[in-house]
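Quick notes on the structure that follows.
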Amino acid sequence: MLAQIDALQSEALAALAGANDAAALEAWRVAYLGANGKVKGMLGGLKDVPKDQKPAVGARLNQAKAAIEAAFEARKGEVEAGGGGAVTKDFIDVTEPGTVETRGLGRRHVISRVRDELCEVFARMGFDVAESRELEDDDHNFIKLNIPDGHPARDPNDNFYVDDARTLAKPRMLRSQTSTVQVRTMEQAVRDGGGKLLKPIRIVAPGRVYRPDAVDATHSFMFHQIEGLYVDRGVTMADLKTTLLQFARGYFGEGANVRLRPSFFPFTEPSAELDMLITLREGQPPRWIEMGGCGMVDPAVFTACGIDPEEWTGFAFGFGIERLAMGKYAIPDIRLLFENDLRFLAEI
Ligand code: DAH
């Protein structure tokens, strides 16, 4: 009889643990603690127990009944509090809204998106994308671009030299302009032609450039430029201006305009600064914003790259990608582009 009581208690408690809602609890209660339940039945068996064992068996029965009743009250409390434990449904409704805050999808940085967009606008005009190294030598950053020894642009304080510029003949440096890619592209084309330029060149080259400038709202020690180079026979300044106007309209929209202001760069002759007429903010009048430099490739640059300036002509340009991004997206401070504050990046 004692063994039967132990077995009933274990069975009752195990069944109770599986009762996860009010209906299951009630069914369990009827089965074990009801008027015709198993506990009652067990109590009824006491009359058949031999007299000398009755006190012990009776005490054990009372103990088991109390334990089972206490367990029922405890489980009822749990189920009513919603802590039913195990999943009560045998399916999961995947359409129900989650209880965990959803995580935002990441997106590409605005500079990467603008760079791709710029390349795409130029691709529509037949320009390929060229890339080259960021660690350069001063041969490509200066000399072949007609910036000779002693030129102020080569001042070690204005450039990130990696080697000692005073002692080494060809010191390496982080490129200060993407114009280096003009030189590398022309040199490669001449190598491909077996020492001679055989066909026209039409490339844009986006990439990082480095200058030891103090950081403020419009300056950074690293920023991006997009360089352009077109070499063909009979290229004129009118081709340059038309290309830039098409570019400005392709990127900023049909209302954009361009203006060239005479300027000077060692690698172009004549040279110009390019301004674009754009609307910085909705509702404000359009403004002229300086985007970079351009001009007709200087014959000295052609010669340095092994191209005959009597046969070939060309134009080149170099713009700041940050400026183009800031103008289009009304970004007031260049530092926003590099601080990686997600509150800013998520809005742009
Ligand atoms: N490399 C110049 C700069 O960083 C920009 C530039 C001017 C590029 C004229 C050109 C050009 O290709 O023709 O300031």
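Order of listing sets the numbers, starting from 1, for every ligand and every atom in it. Nothing fancy with the numbering, it's 1 onward along the sequence.
From the protein, the heavy atom lying nearest to atom 11 (C) of ligand 1 is Phe267 CE1, 3.5 Å. When only non-hydrogen protein atoms are considered, atom 1 (N) of ligand 1 lies nearest to Gln177 OE1, 2.7 Å. The single protein non-hydrogen atom nearest to atom 5 (C) of ligand 1 is Gly318 O, 3.9 Å, given as residue, atom name and distance.
Using a cutoff of 4.0 Å between basic side-chain nitrogens and carboxylate oxygens, Arg233 and Glu311 are scored as salt-bridged. The existence of a salt bridge linking Asp139 and Lys144 is confirmed by a sub-4.0 Å separation between a basic side-chain nitrogen and an acidic carboxylate oxygen. Using a 4.0 Å cut-off between charged side-chain N and carboxylate O, Lys199 and Asp232 make no salt bridge.
In terms of N/O distances under 3.5 Å, ligand 1 is approached by Ala316.
Proximity to Phe265 (heavy-atom distance under 4.0 Å) selects the following atoms of ligand 1: 7 (C), 9 (C). Distances below 4.0 Å separate heavy atoms of Gly295 from the following atoms of ligand 1: 13 (O). Remark: ligand 1 atoms within the under-4.0 Å shell around heavy atoms of Gln225 are 3 (C), 4 (O). Near Ser179, the atoms of ligand 1 lying under 4.0 angstrom from a non-hydrogen atom of the residue are 1 (N), 8 (C).
Within the 4.5 Å cutoff, the side chain of Ile5 has heavy atoms near those of the Val57 side chain.
For atom 3 (C) of ligand 1, the nearest non-hydrogen atom from the set Glu227, Gln182, Arg211 comes from Arg211.
Atom CG of Asn159 sits about 9.5 Å away from atom CG of Asp138, to the nearest 0.5 Å.
Note on ligand 1: Cys294 sits in its first shell, one or more heavy atoms being nearer than 4.0 Å.
Side-chain atoms of Ser220 come within 3.5 Å of backbone N or O of Met222 as a donor-acceptor pair.
Considering every non-hydrogen atom in both Gly306 and Val190, the closest pair reads O-CG2, 3.9 Å.
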